[in-house]
Amino acid sequence: MLKCFLFIFIISVFVPLVLAMRGMILGPGRWLVLNIIECENPDQYEIMYNINRKKINRTHDCFNMNMELDRVINTTYAIHIDVYQEFDGRFNFYKKITDDCACSFVMTHAGVSAKRALTMANIDPPDCPLQPGPITINNFVMDYRELSRHSVYGTFQADVYLLYNKVRIACTRVIANFEYVDDEADDFDFDDYGDF
Ligand SMILES: *[C@@H]1O[C@H](CO)[C@@H](O)[C@H](O)[C@H]1NC(C)=O
Ligand SMILES: *[C@@H]1O[C@H](CO)[C@@H](O)[C@H](O)[C@H]1NC(C)=O
């Protein structure tokens, strides 16, 4: 069931980075990942999983992952991301992002942190191809401030698909928000934000 989880997990966490790097730039601010959930009708995908995400505070989340990889993840896996932007309480289609090679896509957009996650999983070298076997990641702490500080303001939903031979074999949905934050604001008062 949990075949390619690690990969789609890494991609999901870095969706905001991907959005920003694909030219969707408006102004300075900060990303917040509001949720990472299953796509609609998750049963239709060959690969299903649950993501264990614990919120630490406004800027940090913690992830745990356990899986048995039953196949080699190599360059034949493609990626497709449908991005929607919230407008008047509804998500409207905004942009499609695709790449024939999910591996190089991840390494290009999230190389440093992807390697950190793969190293935590004892994958050596921390790169594709990923070999079959058990993969465990405990307490992968994501600092969202690592993500791009310039982007389009708004709330976005991204459906991230992993494809093999053009068939969508896994999907995860990321909801993230990019809001204006004064630059140099690493030490701003988190209480200003309240709960969400
Ligand atoms: C948020 O959590 C991270 C990781 O534990 C920590 O390093 C950081 O100082 C925390 N930030 C605040 C404002 O508490
Ligand atoms: C990638 O993996 C698939 C399935 O295991 C295999 O059929 C294919 O030959 C591999 N491709 C490369 C370039 O290694």
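The first residue of the sequence shown is numbered 1, and numbering continues consecutively from there. Atoms within each ligand, like the ligands themselves, are counted from 1 in listed order.
Formation of a donor-acceptor pair under 3.5 Å by the Ser104 side chain with backbone atoms of Thr75 is not found in this model. Judged by distance alone, with hydrogens and angles left aside, the side-chain atoms of Asn57 form a donor-acceptor pair with the main-chain N or O of His60 at under 3.5 Å.
The nearest protein heavy atom to atom 5 (O) of ligand 2 is not closer than 4.0 Å. There is no protein heavy atom closer than 4.0 angstrom to atom 9 (O) of ligand 2.
The distance from ligand 1 to the heavy atoms of Ile56 drops below 4.0 Å at these ligand atoms: 2 (O), 5 (O). Every atom of ligand 1 is numbered from 1 in the order shown, and the set under 4.0 Å from a heavy atom of Asn57 is 1 (C), 2 (O), 3 (C), 8 (C), 10 (C), 11 (N), 12 (C), 14 (O).
Ring geometry for Phe63 against Phe140 counts as tilted: the plane angle lies between 30° and 60°, on a 0 to 90° scale. Using a 30° and 60° split on the angle between ring planes, Tyr161 and His80 fall in the perpendicular class, above 60°.
Contacts of Tyr164 with ligand 2, taken as heavy-atom pairs under 4.0 Å, involve the side chain alone.
One side chain, Tyr144 or Asp61, offers a donor N or O that lies under 3.5 Å from an acceptor on the other.
The single protein non-hydrogen atom nearest to atom 13 (C) of ligand 2 is Thr75 OG1, 3.9 Å, given as residue, atom name and distance. Closest to atom 1 (C) of ligand 2, if we only count protein heavy atoms, is Asn74 ND2, 1.4 Å.
Taking CD of Gln157 as the reference point, atom CG of Leu34 lies at 11.0 Å (rounded to 0.5 Å).
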